[in-house]
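To keep things clear, I will list the structure first and then write my remarks on it.
Below, read A as the first sequence line, B as the second, and so on, with proteins coming before strands; counting in each chain starts at 1.
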There are 2 protein chains.
Amino acid sequence: MATIRELARQCGVSVATVSRVFNNPEVVNPDTRQNVLRVAARIGYLPNESARTLATKKSYMIGLVWDTHHRRPGWRHPFLQEILIGLKTALSERGYHLLMLATSDGEGSHDRAVRRHNLDGVVFIDNGTQDPALLRLAESGVPCVSLDRPITGPRATHVISDNAGGARTAVEHLYERGRRAIATIAGPGRTVPGAERLAGYRAALAGLGLPARDGLVVEGDFYLSGGYAAMRRLLEADERPDAVFAAGDEMAIGAMRAIAEAGLKVPEDIAVVGFDDIELAALVQPGLTTVAQDKAGFGTAAAATLVAMIDGTAAVPPPPSVLPTALIVRGTA
Amino acid sequence: MATIRELARQCGVSVATVSRVFNNPEVVNPDTRQNVLRVAARIGYLPNESARTLATKKSYMIGLVWDTHHRRPGWRHPFLQEILIGLKTALSERGYHLLMLATSDGEGSHDRAVRRHNLDGVVFIDNGTQDPALLRLAESGVPCVSLDRPITGPRATHVISDNAGGARTAVEHLYERGRRAIATIAGPGRTVPGAERLAGYRAALAGLGLPARDGLVVEGDFYLSGGYAAMRRLLEADERPDAVFAAGDEMAIGAMRAIAEAGLKVPEDIAVVGFDDIELAALVQPGLTTVAQDKAGFGTAAAATLVAMIDGTAAVPPPPSVLPTALIVRGTA
DNA sequence: CGGTTACATGAAACCGGTTACACGCAGAGA
DNA sequence: TCTCTGCGTGTAACCGGTTTCATGTAACCG
């Protein structure tokens, strides 16, 4: 394993010069620099990141906190893969790596892992309940970005979709298609996306001059079964809606199932619009019209914000990133 | 930030003793040990992993090489999330972390990242074509585990499902349901799972005394559209099969679509069995009967093998792990 | 021509751990 | 009593980088 001293010896310069060649190339004489680089390539020198981190306290590693416990078995994050791709790509373009932090690891909670590994920042993906270790972490001033849920701290922010705007778009689309009795299957009120999408739905109705009828609002759980059950409640009500905006695609598909079972047709009898644009949305029949989230955008926005915070080129605390949504029109509305 | 010297000072012992308390507790006097631990907890001492790695050359980090390039856009690994959970959990139980390696990063290829970060091992997930950097890595003696595809090297092995066995099970199940003209939609012949599942299909036919008719074998691409196209070809043939084993669930669902469009019913006219047990399999109607892979098993087996190699308690090279499959009977066969 | 300045480089301390080796001491055996 | 052993501990070198500060040299200026 070639070390910096070995390389320095072979080049006839000091280790300080070699170090500068890699970290501060412009201060070293071009000839010297070329020579060092040539010899480095020949002997296969690679700087040791551990030594580097030890000296500089910068690891170029970002922690990924992705809680999987307290979930129902079989639960999957709808966009994990896309987010990961976005994160990985955007971070690596900036020279950072992603370290997956264990959930309940032997080294205690996440804040410890951050200190032990000199992590430069952390991204929370789908942190369920407010974990005290995470709050402590965010409060401690470590750059943090949370996906889909707000978080506070001196250098903490979040990235989230324009949930309210997306919901508005969905409702307005239904309106344009001539629907007037527009119901919604909302997400759990305690979740931020659930609350925001419901607010967007209400705002849209108000904007369109439609009455807000309580019977048209039912709450689901973001799962297919919850959407199914919610739709059945809507169908049993006195006045049947002619359209439904589901705050999540899985619920929308559950709703479609319930509608079909009731002998009704989508979209003729009841139009359906979902939210998320999960893979399945394009595969069901008819294809689900839905409000697409910018999945990779979560990753890239998180990476950009994080690096800006680390470099100190971001406002403190930085404003949240709000990702635009896009209505994808398929067959259900 | 408390360092080991600070802790040693406060305890009135040397740094060597403190270090031993954490790494070799049994050699230090119980009273001394207790005291060190108490003071450590009080001042919040945490060992610095970079310094540790620098001194020991062990990082307790495993690299994750997950290539996403050269893929069609929108492509998703069917089990990424489950594998990740399995990996993360199993590794963290053994004190290891997972470092996601950038695909085409600034630091060159993967083997460099391994050396730079003193990685203890690497897992390849879904490495498409044979990347020379990966082969070099495996040859170099770094512990490597590849998922779903074989790899060779002094300390390299792979974990794979019992593809042939699973395919046999599927075909035998169709036979038991009375089907005799059993077709298959195979995966691409160049892929290992594709080839193995086709071999299992053939072996099953032979074992059951059924003739192997060329017209009953068509090749797909593991995607829904490929399965659809393949099924159409099967339907156009002279003698229509009464059952089809698709080497992947997506293809199976594509096939179901083609069958429905042809005015035929599943499973009455044509029974369908898939392979993988993707999420969608339970959601289509009728539910897809399929050969389930042990998704989390990939992660846990990889972690166990890797750690065994690192600890030197594994054969060299270690034998591949072959994960059992399980037939899940739903509505299509 | 003396003095200032800019530039390129080197010596050495430092980051925070691990560990080989030496050492002091108590108890055992001769 | 003297040596031998083994246990518990400390000293100091080492891992492989970065960075402060000092130094030598050449160019520049009045």
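Closest-nucleotide positions on DNA chain C for Ala55(A) and Val15(B) were compared, and the one nearer the 5' end corresponds to Ala55(A). Between Arg5(A) and Val28(A), the residue whose closest nucleotide on DNA chain C is further toward the 5' end is Val28(A).
Closest to the Arg20(B) side chain, of the nucleotides dT9(D), dC15(C), dT18(C), is dT9(D). Closest to the Lys57(A) side chain, of the nucleotides dG10(C), dG17(D), dG16(C), is dG16(C). Closest approach to the Leu54(B) side chain among dG17(D), dG16(C), dT18(C) is made by dG16(C) (side chain taken as heavy atoms from C-beta onward). Here the side chain of Ala16(A) is nearest to one of dG8(D), dG17(C), dG10(C), namely dG10(C). Picking from dG10(C), dA8(C), dA20(C) the nucleotide with the shortest atom distance to the side chain of Ser14(A) gives dG10(C).
The shortest distance between the side-chain N/O atoms of Thr32(A) and the OP1/OP2 oxygens of dT9(C) is below 4.0 Å. Contact annotation: Asn23(B) side-chain N/O to dT18(C) OP1/OP2 distance is under 4.0 Å. Remark: Lys58(A) is not in phosphate contact with dT18(D), judged by side-chain N or O atoms under 4.0 Å from OP1 or OP2. For dT9(C), the OP1/OP2 oxygens have no side-chain nitrogen or oxygen of Thr17(A) closer than 4.0 Å. An OP1 or OP2 oxygen of dG16(C) is reached within less than 4.0 angstrom by no side-chain nitrogen or oxygen of Thr3(B).
The overall bend of the helix from dC1(C)-dG30(D) to dA30(C)-dT1(D), read as the angle between its terminal helix axes built from five base pairs each, is 50° when rounded to 10 degrees.
Put simply, the side chain of Arg33(B) and the base of dG8(D) share no donor and acceptor less than 3.5 Å apart.
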Salt bridge (charged side-chain N to carboxylate O under 4.0 Å, His left out) between Glu139(A) and Arg136(A), intermediate numbers included: CA-CA 5 Å; Glu139(A) 288 300 336; Arg136(A) 209 162 38 196; over 6 Å; no
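If you measure from atom CG of Leu7(B) to atom P of dG17(C), you get 9 Å, rounded to the nearest angstrom. Distance CD1 (Ile4(B)) to P (dG16(C)): 11 Å, rounded to an integer number of Å. Rounded to an integer number of Å, the gap from Arg115(A) CZ to dG17(C) P is 11 Å. dG17(C) atom P lies 10 Å from atom CZ of Arg116(A), rounded to whole Å. We find that NE2 of His117(B) is positioned 14 Å from C1' of dG16(D), with the value rounded to whole Å. One can place CD of Glu26(B) at 13 Å from C1' of dC7(D), the figure rounded to the nearest angstrom. When rounded to the nearest whole Å, the span between CG of Asn24(A) and C1' of dA8(C) equals 13 Å. Atom-to-atom, CZ of Arg52(B) to P of dC14(D) comes out at 22 Å; the value is rounded to the nearest Å.
Under the 4.5 Å side-chain criterion, counting only non-hydrogen atoms from C-beta, Val123(A) is not in contact with Val65(A). For the pair Thr89(B)/Glu93(B), a side-chain contact is recorded, criterion being any heavy-atom separation below 4.5 Å from C-beta on. For the pair Leu64(B) and Phe124(B), the minimum side-chain heavy-atom distance is 4.5 Å or more. Looking at heavy atoms from C-beta onward, Glu49(B) lies out of side-chain contact with Met61(B) at the 4.5 angstrom threshold.
Within 6.0 Å of OH on Tyr45(A) lie more than 12 heavy atoms contributed by other residues, nucleotides or ligands.
Heavy atoms of Phe22(B) sit nowhere under 4.0 angstrom from any nucleic acid atom. Within the 4.0 angstrom heavy-atom criterion, no nucleotide atom of any strand lies near Val18(A).
Considering Leu99(B), Thr53(B), Leu54(B) as possible partners of Ser59(B), the one that fulfils the side chain to side chain contact (heavy atoms under 4.5 Å, CB included) test is Thr53(B).
Within the cation-pi definition used here (under 6.0 Å to the ring centroid, within 45° of the axis), Lys58(A) qualifies as a partner of Tyr60(A).
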